[in-house]
Amino acid sequence: MHVPPLPHLAATDPELAGLIEAEAQRQHDKLRMIPSENYVSTAVLEATGSVLTNKYSEGYAGKRYYEGQQLIDPIETLTVERARSLFGVDHANVQPYSGSPANLAVYLAFLNPGDTLLGMALAMGGHLTHGSPVSVSGRWFRPVGYSVRKDTGRVDFDEVRELARAERPKVIFCGGTAIPRTIDFPAFAEIAREVGAVLVADIAHIAGLIAGGAHPSPVGYADVITTTTHKTLRGPRGAMIMSTEEHAKALDKAVFPGLQGGPHNHTTAGIAVALHEAAQPAFRDYAHQVVANARALAAALTERGFDLVSGGTDNHLILIDLASKGIPGKPAAKALDRAGIELNFNAVPYDPRRPFDPSGIRLGTPALTTRGLTEEQMPQVAAWMDDTITAALKDDEAAISAIAGEVRDLLSGYPMPGFAAA
Ligand SMILES: *Cc1c(COP(=O)(O)O)cnc(C)c1O
């Protein structure tokens, strides 16, 4: 049963209530390993489901365009203060609707159409919004993409420096969406300083690890930090832009009125709760456990002959090239989903296949760590993955459903926030 319960929804709209209940059950029964996903706490669910959704509040605390902000102002100010204190930054804007609009606001603050930006290429692990030609970031600006080395799977700073010197970008993005290794913020900062570019660290995936001390912080190196709030940070879907005092005004103006109208106050409140939770000692344990689990899983997968991009992981994420297993990423991801193991097909660096039918899969440990799984269960998870792929290659659907049952049995011992067994 969904927690908080949905009796009013069930009465008003039973069809939709039924779908939400089924989704809660699905999230409970599956090993959720999409590395950008998590389970928020029931407290976060309550805040995001509150009457704050009723209120319009264009502007910022103390400078709003509508009346009735007596309580919204302190809510947003509290959220901003919590972000500043958790990450140790001068300035935080908590209004971006999600990670992509947050990055778009950064472009609006620093670039004119046609200006050059340097980011990790999408095919190498960067995000769409770091200059992909199909994104507005690549269509309205002049994107230059850096790679990872073919032999190491890691960023080659000689290449980044060469590109920066040759192309003179106004903005350099570091961070991405399929990077299994620690981001070297000081190395990026040195290059950005040399060419006079604004360095933006997009920490969407790793914000929770940074808050919990399980990944180095970009603070002091990056001029601007963007992040989603719903990945390892374990808050509601949303985003923040953090910066030094120098860039605060330009970024605030870019978010509102540059790009957005009224902030989503119910989301802001959910972010406040998540930031409060992330400041507790238990969250440090969580962040370190996420990494310990990913390391243990990477070791177990390697032992079973899986080919991990860069040879392993430093963070929450694992990228696997399945070529050695004789199956492309998409059929593997679909079979694993039928086996109760939810992850996504993904391109690997230098992928010879097409993006919608690539060679790899991407997975991570943030959500299963929230459920309470530890290193102890990771060899079993690796075994299930291996057995599922073997079964998929033999079209053995019975074996795949048997694994789904075993996954469900294991997870019945690990409570899920947002769900209670009926
Ligand atoms: C997830 C992600 C985003 C975008 O977030 P959305 O909320 O999906 O728009 C931006 N940058 C990186 C690196 C991400 O991983």
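Just so you know, ligand 1 is whichever comes first in the structure, and atom 1 is the first atom listed for that ligand. Every value quoted in this text rests on a predicted model; they were computed, and no experiment measured them.
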Report yes if [X] has an N/O atom closer than 3.5 Å to an N/O atom of ligand 1; otherwise report no.
| X | answer |
| --- | --- |
| G175 | no |
| D202 | yes |
| H130 | no |

Within ligand 1, which atoms have a heavy atom of [X] less than 4.0 Å away?
| X | value |
| --- | --- |
| H205 | 15 (O) |
| G99 | 4 (C), 5 (O), 6 (P), 7 (O), 9 (O) |
| T228 | 5 (O), 7 (O) |
| H230 | 7 (O) |
| T177 | 15 (O) |
| S100 | 4 (C), 5 (O), 6 (P), 9 (O) |

Can you tell me if G176 has a non-hydrogen atom under 4.0 Å from ligand 1?
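Yes.
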
Report yes or no: does R237 have a heavy atom closer than 4.0 Å to ligand 1?
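Under 4.0 Å: no for R237.
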
[Y] and [X] side chains, donor-acceptor separation under 3.5 Å:
| X | Y | value |
| --- | --- | --- |
| S57 | Y66 | no |
| Q69 | E76 | no |
| Y39 | R234 | no |

Taking the side chain as C-beta and beyond, is there a heavy-atom pair between L199 and I191 under 4.5 Å?
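They are not in contact (no side-chain heavy atoms under 4.5 Å apart), so the answer is no.
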
To which protein heavy atom is [atom] closest, and what is the distance rounded to 0.1 Å?
| atom | answer |
| --- | --- |
| atom 14 (C) of ligand 1 | K231 NZ, 2.9 Å |
| atom 3 (C) of ligand 1 | H127 NE2, 3.2 Å |
| atom 7 (O) of ligand 1 | S98 OG, 2.4 Å |

Parallel, tilted or perpendicular, as decided by the 30° and 60° cut-offs, for the rings of [Y] and [X]:
| X | Y | value |
| --- | --- | --- |
| Y107 | F173 | tilted |
| Y60 | F256 | perpendicular |
| F188 | F157 | perpendicular |

Are F345 and F356 close enough, and set up right, to give a ring pair (Phe, Tyr, Trp, His ring centres under 6.0 Å), and what steps lead you there?
CA-CA 8 Å; F345 61 84; F356 200 62; 5.6 Å; yes

Does the ring centre of Y97 sit less than 6.0 Å away from the ring centre of H264?
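Aromatic pair counts; centres sit under 6.0 Å.
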
